[in-house]
Amino acid sequence: MHALHARLPKNFVLEERLERYADGIEASPASYAGRWAEACFPVGEAQGAEGAHGTRTRFDEVRLDMGCGKGAFTVQAAAAERNVLFVGVDSEPICIAYAAQRAVESGLDNVVFAPGLGKDVCRFFSAGELSRIYLNFPTPFPRKKEATQRLTHLDQLMRYRTVLASGGSVILKTDSYPLRGFSRTQFELAGYDLLWESDDARSERPDDPMSWYEERLGRQGATVFALEATPGPAPKRVEQTASLSLVDYLPPELDQMAYVPHGMEGTVTNLRNLRKKARMRNRGARNG
C-alpha cells in the first residue's frame with residue numbers, strides 16, 4: 001500500500017541511501033536460492049565465537065516477509081528470533097533503502113532485504129526452503145483487472161506452495177475486509193488448509209511484531225483481519241472460479257461501515273452515492 005509512504009525527507013538521495021546501507025541488501029537474491037540458511041549465516045559463529053547463534057553453522061529456518069515495506073515488522077521479528085533468517089522483499093527501491101537502514105542500524109545479523117515482486121519467489125527460493133511467508137497489509141488492488149497482482153491471488157498461492165517447507169504456512173494480515181474475503185476463496189482454490197482466522201488479530205496475538213502499515217492504519221481506526229493457512233493436498237485442477245472484484249466482497253450495508261479499507265475509499269464513496277440516488281428514485285416512484 002505504497003500510497004501510505006511518508007513524504008521523503010529533504011535532500012533524500014535514493015542511490016546514496018542504497019549504497020550507504022548496502023550491507024542490509026542482497027542485490028542478487030536469486031543467487032542464494034537453496035542456500036539462504038547457510039550463505040547468510042554470520043562468519044565466525046561456526047568456530048564457536050560467542051554470540052546469539054552459539055556454534056551453529058546455519059539458521060534454523062528461513063522466513064519471507066513479502067511486500068515488507070520499510071522493514072519495521074521484519075526487523076522486529078528478527079530481533080525476537082535470532083536463529084531464524086528473515087528475508088524482506090519489496091518492489092519499491094525507496095522501501096528497500098529504508099528497510100536496509102533499519103537492518104544495519106539494528107546490528108542484527110539475521111535479517112536482509114532484497115528488491116523483487118511476488119512472482120519472483122520461485123527464483124529467489126528453492127523448493128521447501130521457507131518455513132513461513134508473511135503478507136502484512138499487502139496492496140489490495142481492488143479492481144478486477146488488477147487481481148493477479150494481489151499477493152493472495154490463486155497464481156501466487158500456487159507459487160508459495162512450491163517454496164514452503166512441509167508444515168509451512170502463509171500468514172495474511174490486512175485492514176481490508178474485502179481482501180480477507182477474497183483471500184479466503186483463493187486459499188481454498190489453491191488447496192490450503194486454514195489454521196487461524198481472526199477479526200481482531202492484534203487482540204488475539206498482541207505480542208506479534210507490528211508493521212508500519214498496521215501502526216498507521218490502526219491510528220485511523222483499522223481492525224486487523226488475519227488468515228493463516230498451510231498447503232494441503234494439491235488441487236487436482238487449478239481453476240479460478242471466484243469473483244475477482246473486491247467490490248463483491250464488501251458488506252451489504254455500506255453506510256454502517258465505520259472504517260473503509262485503505263485503497264477503497266473512492267470506490268465505497270461512489271457506491272454509497274449510487275445507492276443513495278437509487279433509494280431516492282425508488283421513493284420518488286412510490287410517491288408518484
Side-chain angles (χ1 to χ4, degrees), residues 1-8 12-33 36 62-75 77-78 85-104 111-125 129-130 132-160 162-164 170-176 179 182-183 186 211-217 244 246 261-264:
M1 295 187 300
H2 305 134
L4 276 181
H5 289 168
R7 184 178 300 170
L8 291 178
F12 181 96
V13 179
L14 177 60
E15 292 74 13
E16 185 273 332
R17 288 293 184 102
L18 292 172
E19 183 177 352
R20 188 193 311 177
Y21 300 109
D23 287 348
I25 302 171
E26 177 45 60
S28 302
S31 66
Y32 280 71
W36 284 94
V62 182
R63 300 182 190 173
L64 169 64
D65 185 5
M66 189 68 240
C68 63
K70 296 181 179 180
F73 172 90
T74 329
V75 171
L85 175 65
F86 289 83
V87 182
V89 173
D90 200 277
S91 61
E92 284 205 2
I94 291 173
C95 286
I96 294 298
Y98 275 115
Q101 179 177 351
R102 286 182 186 274
V104 171
V111 58
V112 65
F113 294 94
L117 301 168
K119 64 182 180 181
D120 292 323
V121 292
C122 293
R123 289 198 308 111
F124 291 0
F125 304 96
E129 189 166 17
L130 297 176
R132 190 170 297 167
I133 298 174
Y134 300 99
L135 309 176
N136 288 307
F137 291 75
T139 304
F141 297 109
R143 297 179 181 179
K144 179 179 179 179
K145 65 181 181 180
E146 301 172 319
T148 56
Q149 298 181 60
R150 296 174 198 151
L151 292 180
T152 55
H153 185 274
L154 173 60
D155 294 347
Q156 190 63 33
L157 294 181
M158 295 305 294
R159 295 185 184 105
Y160 299 152
T162 301
V163 297
L164 280 170
V170 178
I171 300 179
L172 166 71
K173 289 185 179 179
T174 179
D175 70 314
S176 177
L179 182 62
F182 167 79
S183 300
Q186 302 302 284
S211 69
W212 185 89
Y213 303 109
E214 180 179 349
E215 180 182 347
R216 283 354 180 234
L217 294 175
L244 297 181
L246 292 191
H262 178 71
M264 296 197 72

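Residue numbers count from 1 along this sequence.
- Between C68 and F113, the shortest heavy-atom distance links the atoms SG-CD2, 3.7 Å.
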- Message: side-chain contact (heavy atoms from CB on, under 4.5 Å), that's the test. Do L164 and F125 meet it? Break it down for me.
- Response: CA-CA 9 Å; L164 280 170; F125 304 96; over 6 Å; no
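- Not one N or O on the side chain of T139 forms a donor-acceptor pair closer than 3.5 Å with the backbone of F141.
- Between C122 and T162, the closest heavy-atom pair is SG-CB, 4.2 Å.
- Not a single donor-acceptor pair under 3.5 Å links the side chain of W36 to the backbone N or O of L130.
- E16 CD: more than 12 foreign heavy atoms inside a 6.0 Å radius.
- Atom CZ of R143 sits in a sparse spot, with 12 or fewer heavy atoms from other residues, nucleotides or ligands closer than 6.0 Å.
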Steps toward side-chain contact (heavy atoms from CB on, under 4.5 Å) verdict (D120, V89):
CA-CA 10 Å; D120 292 323; V89 173; over 6 Å; no
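- The CD atom of E19 sits 10.5 Å away from the CD1 atom of I25 when rounded to the nearest 0.5 Å.
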- Message: Could you go through N136 and S211, starting from their C-alpha distance and side-chain angles, then the distance that decides it, and tell me whether this counts as side-chain hydrogen bond (donor to acceptor under 3.5 Å, both in side chains)?
- Response: CA-CA 7 Å; N136 288 307; S211 69; 5.2 Å; no
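- Residues P261 and L179 have side chains not in contact (no heavy-atom distance under 4.5 Å, counting atoms from C-beta outward).
- Checking side-chain atoms of Y160 against main-chain N and O of L151 turns up a donor-acceptor pair under 3.5 Å.
- Smallest separation of non-hydrogen atoms from W212 and R102: CD1-NH2, 4.3 Å.
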* Evaluation steps, side-chain contact (heavy atoms from CB on, under 4.5 Å), between Y98 and F12 -> CA-CA 11 Å; Y98 275 115; F12 181 96; 4.0 Å; yes
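- A donor-acceptor contact shorter than 3.5 Å links the side chain of D90 to the backbone of G69.
- By the side-chain hydrogen bond (donor to acceptor under 3.5 Å, both in side chains) test, E215 pairs with R219, sequence neighbours left out.
- Ring orientation note: the planes of H153 and F182 are tilted relative to one another, at an angle of 30° to 60°.
- For the pair Q156 and R150, the minimum side-chain heavy-atom distance is 4.5 Å or more.
- No donor-acceptor pair under 3.5 Å is formed between the side chain of D155 and the backbone N or O of T148.
- Annotation: the span from H262 atom NE2 to R216 atom CZ amounts to 12.5 Å, rounded to 0.5 Å.
- A donor-acceptor distance shorter than 3.5 angstrom exists from the side chain of Q186 to the backbone of L154, with no hydrogens or angles considered.
- A pairwise comparison of heavy atoms in A103 and V75 identifies N-CG2, 4.0 Å as the closest pair.
- Between F86 and Y134, some side-chain heavy-atom pair lies under the 4.5 Å cut-off.
- To the nearest 0.5 angstrom, L244 atom CG is 14.0 Å from K145 atom NZ.
- What you find for E26 and S31 is that their closest heavy atoms are OE2-OG, 4.4 Å.
- Closest non-hydrogen pair, Y213 versus F137, comes out as CB-CB, 3.6 Å.
- Taken to the nearest 0.5 Å, the NZ atom of K70 stands 10.5 Å off from the CD atom of Q101.
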Applying side-chain contact (heavy atoms from CB on, under 4.5 Å), run through I133 and V163 and close with a yes or a no. CA-CA 10 Å; I133 298 174; V163 297; 4.2 Å; yes
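- Side-chain atoms of P140 and T174, non-hydrogen and from C-beta on, never get closer than 4.5 Å to each other.
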